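Data first, discussion second: the structure below is written as structure tokens.
Nothing here was measured: the structure is a model prediction, and the numbers come from that model. Positions are given from 1, in the same order as the sequence printed here.
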Amino acid sequence: MTIYTDNAATTKLSDAALNAMLPLLKESYGNPSSLHTVGQQAKEYLEQAREDVAQAIGASAKEIYFTSGGSEADNQSIRTAAYLGAKKGKKHIISSKFEHHAVLHTLKALEQEGYSVTLLDVYENGIVKPEDVANAITDETCLVTIMTANNEIGTIQPISEIGKICQEKKVYFHTDAVQAVGHIPVDVNKMNCDMLSISAHKFHGPKGVGVLYVKKGIPLKNLIEGGAQERGKRAGTENVAGIVGMAAALKEANESLDENMKKISAMRDRLIDGLGKIERSRINGDLSHHLPGTLNMCFEGIEGESLLLLLDAKGICASSGSACTSGSLDPSHVLLSIGVPVEIAHGSLRLSLSEYNTMEEMNYIVDTVPQVVSYLRSISPVWEKITKEEK
């Protein structure tokens, strides 16, 4: 038996996505830039996918640019705003301390190029305060970039309020919506954003495909030169099969959104009820403003890596945080940003669910995790020290 609860890292490809992709791999496999029949067939698929993605997020097709994923979309949006800001003498960027590294590392690179960066606190509840954004904006600010939902603890940010502040201050606003799209309602107009990043493999689409939404009128800066694809803003032959698969997956996700949110939330609540009873455990992030399927917990006195390996041996696939930093021995920057002590942050567990999970699987997890935690604590000198201090 294998129970997959690492959907924040990647998801199973849906049948809808796979079936949509097959004709592009076997029959209409032409280059959409070619003028012959097979190429133009591919182009028709490409532009229909663009329309479908745009409709799913309340945008127009001309505002949709296809990328290789969320990281590329983050990079291109941030560098676009930075470039446009520099032309006006504005080189200050605002973000938060618990953004994805695709954002944080891009900002660090820009600092080395002469930009100044303000990283806002996210507090114990894992939520950015709109008033902090307003207070941080200066006459030098060219961009605010705040994620829609955190990839490790699942907290949802007040994006519409932040976007409205940015509009009033005439500052570009970008949001990394990689963990949100396909899981909660997303409408670029209601969010008041100028740019938004999407990654297909987070909602049962294929890997290696993403979207950058760019509000009409913003001159997008190229990251990749060499061709006229994507209206001259992203060179390279489009991954048409992947793009079509993404559009199909997103359409299916949106059509079942309410049903899936209800089902997934119920399963997450079962985990909260069961695992929350473990001694000296803590749930990270505000559960009232939260993704339906993400649960992040810490267990004192154990190491997260050992927990994951033992759970895997019992058929449970989980993680301790972002898959992009899974090789790091450092504790999660997200957990540290919300005030979790280093020694506790090392014992973290992230369970992220999808509609393919079942309540029976949740019951198994609720039975299994306490056993594994208990075993690890029984051989942990750290836990022995904690219990001795309590006496």
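Taking the six-membered ring for Trp and thresholds of 30 and 60 degrees, His101 and His333 have ring planes inclined between 30 and 60 degrees apart.
A donor-acceptor pair shorter than 3.5 Å can be found between the side chains of Asn222 and Glu225. Counting only N and O atoms by type, the side chains of His174 and Ser77 include a donor and acceptor under 3.5 Å apart. With 3.5 Å as the limit, one finds a donor-acceptor pair spanning the side chains of Thr141 and His92.
Under a 3.5 Å cut-off, the side chain of Thr175 and the backbone N or O of Ile146 do form a donor-acceptor pair. Gln179 places no side-chain N or O within 3.5 Å of a backbone atom of Asn150 that could act as its donor or acceptor partner.
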Evaluate side-chain hydrogen bond (donor to acceptor under 3.5 Å, both in side chains) for Glu355 paired with His204, printing each intermediate quantity in order. CA-CA 10 Å; Glu355 63 271 31; His204 306 296; 3.3 Å; yes
As a quick check of understanding, evaluate side-chain hydrogen bond (donor to acceptor under 3.5 Å, both in side chains) for Glu99 and Ser96, giving each step before the final call. CA-CA 6 Å; Glu99 298 293 314; Ser96 77; 2.6 Å; yes
May I have the step-by-step check of side-chain hydrogen bond (donor to acceptor under 3.5 Å, both in side chains) for Glu360 and Asn363, ending in yes or no? CA-CA 5 Å; Glu360 288 73 24; Asn363 291 334; 5.8 Å; no
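Under the 4.0 Å criterion applied to side-chain N and carboxylate O atoms, Glu72 and Arg234 are assigned as salt-bridge partners.
Considering all non-hydrogen atoms of both residues, Glu230 and Tyr65 come closest at OE1-CA, 3.4 Å.
The distance from atom CD1 of Ile198 to atom OH of Tyr213, rounded to the nearest 0.5 Å, is 11.0 Å.
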